[in-house]
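Read the structure below first, then the notes.
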Protein chains: 2
Amino acid sequence: MRIGELAERAGTTTRTLRYYESRGLLTVARDAQGYRTFGEDDLRVLRQIRALRENGFELEETRPFVECLRAGHPEGDSCPDSLEVYRRKLAELDACIAELRSVREEVGARLARAEVEATAGSPHGPEPRCELAPPNPVPDTRQEPEGDTMP
Amino acid sequence: MRIGELAERAGTTTRTLRYYESRGLLTVARDAQGYRTFGEDDLRVLRQIRALRENGFELEETRPFVECLRAGHPEGDSCPDSLEVYRRKLAELDACIAELRSVREEVGARLARAEVEATAGSPHGPEPRCELAPPNPVPDTRQEPEGDTMP
DNA sequence: CTATGGATTGACGCTGACGTCAACGCAACA
DNA sequence: TGTTGCGTTGACGTCAGCGTCAATCCATAG
């Protein structure tokens with residue numbers, strides 16, 4: 001199987017696969033023409049990666065799962081490192097949910113307070129979008145002393 | 001008041017203020033030396049912006065609040081456009097929280113399932129971080145038909 | 001006179017996960 | 001002999017919100 005077929009079967013693009021390879025997540029063999037050659041195991045690895053990505057895991061966080069699969073285990077989460085990633089993600093999710101709820105309450109309160117002074121307008125279609133957790137962690141380059149609202 | 005003082009009083013940097021100006025959020029007068037000159041109203045505008053940003057509002061979403069303040073209203077959320085932003089943000093937050101909870105359940109279930117097969121390891125310090133909502137909406141360049149898991 | 005401190009503009013860097021060219025090679029089909 | 005159609009590498013673009021120089025100017029303190 002070559003890169004185009006694999007991409008299609010995995011529901012992604014060739015660019016993505018080459019990117020994964022550049023990150024060391026895909027080990028690639030070449031044929032006589034210099035074309036990348038993949039097998040069914042690579043497809044399994046890819047599906048694992050995509051499944052995790054869709055749940056908001058960073059690419060780097062999928063590495064233990066990939067290595068676990070490549071070590072011959074039937075599932076990517078059969079290894080302790082993968083479980084550790086699960087646990088970290090759960091903690092992240094819990095923290096994120098708590099934070100979002102607190103923000104939600106504050107915004108809700110502000111809206112309610114502001115709506116009292118003036119007659120409100122007409123409801124209107126919203127277009128919500130959401131971020132799972134990791135991508136673009138809002139550059140926290142500045143060192144924060146201790147307890148800070150995390151944006 | 002010049003830019004350095006305003007930055008310090010608002011708890012931000014001069015770079016940030018110049019950036020806001022470039023986005024049209026700050027209207028700036030210049031003195032004889034070409035230095036930017038600010039007043040107390042600019043400080044109020046800035047505080048409004050920073051407060052919203054800390055709650056996960058995009059810079060662009062603060063614009064109605066800024067314009068509301070500049071229109072002479074005592075609060076940035078005294079105008080209908082600002083309220084509309086509040087409502088949109090509430091919808092976003094609700095959608096995001098729901099999504100995160102569903103992911104949390106799935107990851108939790110996967111962890112539980114995987115923990116059954118092997119004796120688990122030692123708990124270990126997590127380092128959670130969180131995203132409020134808008135920044136970096138995970139490039140949805142591909143057109144999705146309808147119901148998709150939003151990553 | 002010069003050092004210092006703050007101001008100015010402009011331009012590049014950074015993060016993640018790719019998208020999007022460009023310029024090319026290689027094979028099969030007409 | 002084209003011409004598709006796949007593959008290759010390399011490099012730049014994207015999104016937000018700034019950080020980080022660099023070179024220069026201005027005024028005040030010593």
Side-chain angles (χ1 to χ4, degrees), chain A residues 1-26 28-38 46 49-50 52-63 66 129-144 150-151, chain B residues 1-26 28-38 46 49-50 52-63 129-143 150-151:
Chain A
M1 179 170 30
R2 291 186 304 191
I3 196 169
E5 187 184 347
L6 179 59
E8 196 177 6
R9 287 227 273 160
T12 182
T13 70
T14 61
R15 177 69 182 94
T16 297
L17 300 194
R18 280 189 271 261
Y19 177 67
Y20 289 176
E21 182 196 0
S22 82
R23 302 281 90 192
L25 287 170
L26 258 46
V28 196
R30 304 295 182 115
D31 67 8
Q33 284 77 41
Y35 290 2
R36 291 170 177 84
T37 308
F38 302 93
L46 254 179
I49 295 177
R50 301 309 289 179
L52 290 170
R53 292 275 310 123
E54 277 167 21
N55 281 111
F57 288 70
E58 280 182 21
L59 198 51
E60 204 46 48
E61 292 178 311
T62 71
R63 195 176 296 274
V66 170
R129 59 220 163 132
C130 181
E131 200 92 65
L132 276 240
N136 184 10
V138 179
D140 283 327
T141 320
R142 78 271 177 171
Q143 56 276 57
E144 325 176 17
M150 50 182 182
Chain B
M1 179 172 27
R2 291 187 304 191
I3 197 171
E5 187 184 347
L6 179 59
E8 196 178 7
R9 287 226 274 159
T12 182
T13 70
T14 62
R15 177 69 183 95
T16 296
L17 300 194
R18 280 190 271 260
Y19 178 66
Y20 289 175
E21 182 196 1
S22 81
R23 302 282 89 193
L25 287 169
L26 259 46
V28 196
R30 305 294 183 116
D31 65 9
Q33 285 76 44
Y35 290 1
R36 290 169 178 85
T37 308
F38 302 92
L46 253 178
I49 296 177
R50 302 309 290 178
L52 290 171
R53 295 271 313 122
E54 277 168 21
N55 282 109
F57 287 70
E58 281 182 19
L59 198 51
E60 204 46 48
E61 291 177 313
T62 70
R63 195 176 295 274
R129 61 224 161 130
C130 181
E131 200 92 65
L132 277 237
N136 184 10
V138 179
D140 284 329
T141 320
R142 79 272 178 173
Q143 57 276 56
M150 51 184 181

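The figures here come from the full heavy-atom set of this structure, side chains too, leaving out hydrogens, waters and symmetry mates.
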Please report, rounded to the nearest Å, how far the [atom2] atom of [N] is from the [atom1] atom of [X].
X	N	atom1	atom2	value
B:Leu25	D:dA16	CG	C1'	13 Å
A:Asp31	D:dT8	CG	C1'	11 Å
B:Glu61	D:dC15	CD	C1'	15 Å
B:Leu59	D:dC15	CG	C1'	14 Å
B:Arg50	D:dG17	CZ	P	10 Å
A:Leu6	D:dC6	CG	C1'	15 Å
B:Glu58	D:dC18	CD	P	12 Å
A:Ile49	C:dA17	CD1	P	11 Å

A:Thr12 side chain near A:Tyr20 side chain, heavy-atom distance below 4.5 Å:
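No. Closest side-chain heavy atoms not under 4.5 Å.
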Between B:Glu60 and B:Arg63, is there a salt bridge with N-O shorter than 4.0 Å?
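Answer for the salt bridge query: yes.
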B:Arg53 vs D:dG17: side-chain N/O to OP1/OP2 distance below 4.0 Å:
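So the side chain of B:Arg53 is within the cut-off, an N or O lying under 4.0 Å from OP1 or OP2 of D:dG17.
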Would you say a side-chain N or O of A:Thr13 is under 4.0 Å from OP1 or OP2 of C:dG19?
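For C:dG19, OP1 or OP2 has a side-chain N or O of A:Thr13 closer than 4.0 Å.
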Side-chain donor-acceptor pair present, B:Thr14, B:Arg18, cut-off under 3.5 Å
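Yes, because at least one side-chain N or O of B:Thr14 sits under 3.5 Å from a partner of the opposite role on B:Arg18.
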Quick check: closest heavy atoms across A:Thr37 and A:Arg30, and the distance to 0.1 Å?
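The pair with the smallest heavy-atom distance is OG1-C, 4.0 Å.
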B:Glu61 side chain to B:Glu58 backbone, donor-acceptor under 3.5 Å:
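Checked: pair present.
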Does B:Asn55 reach the main-chain N or O of B:Phe57 with its side chain, forming a donor-acceptor pair under 3.5 Å?
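A pair under 3.5 Å: no.
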Under 4.0 Å protein heavy-atom contact, by nucleotide of nucleotides 5-12 of chain C - B base, S sugar-phosphate only:
-BSBB-B-
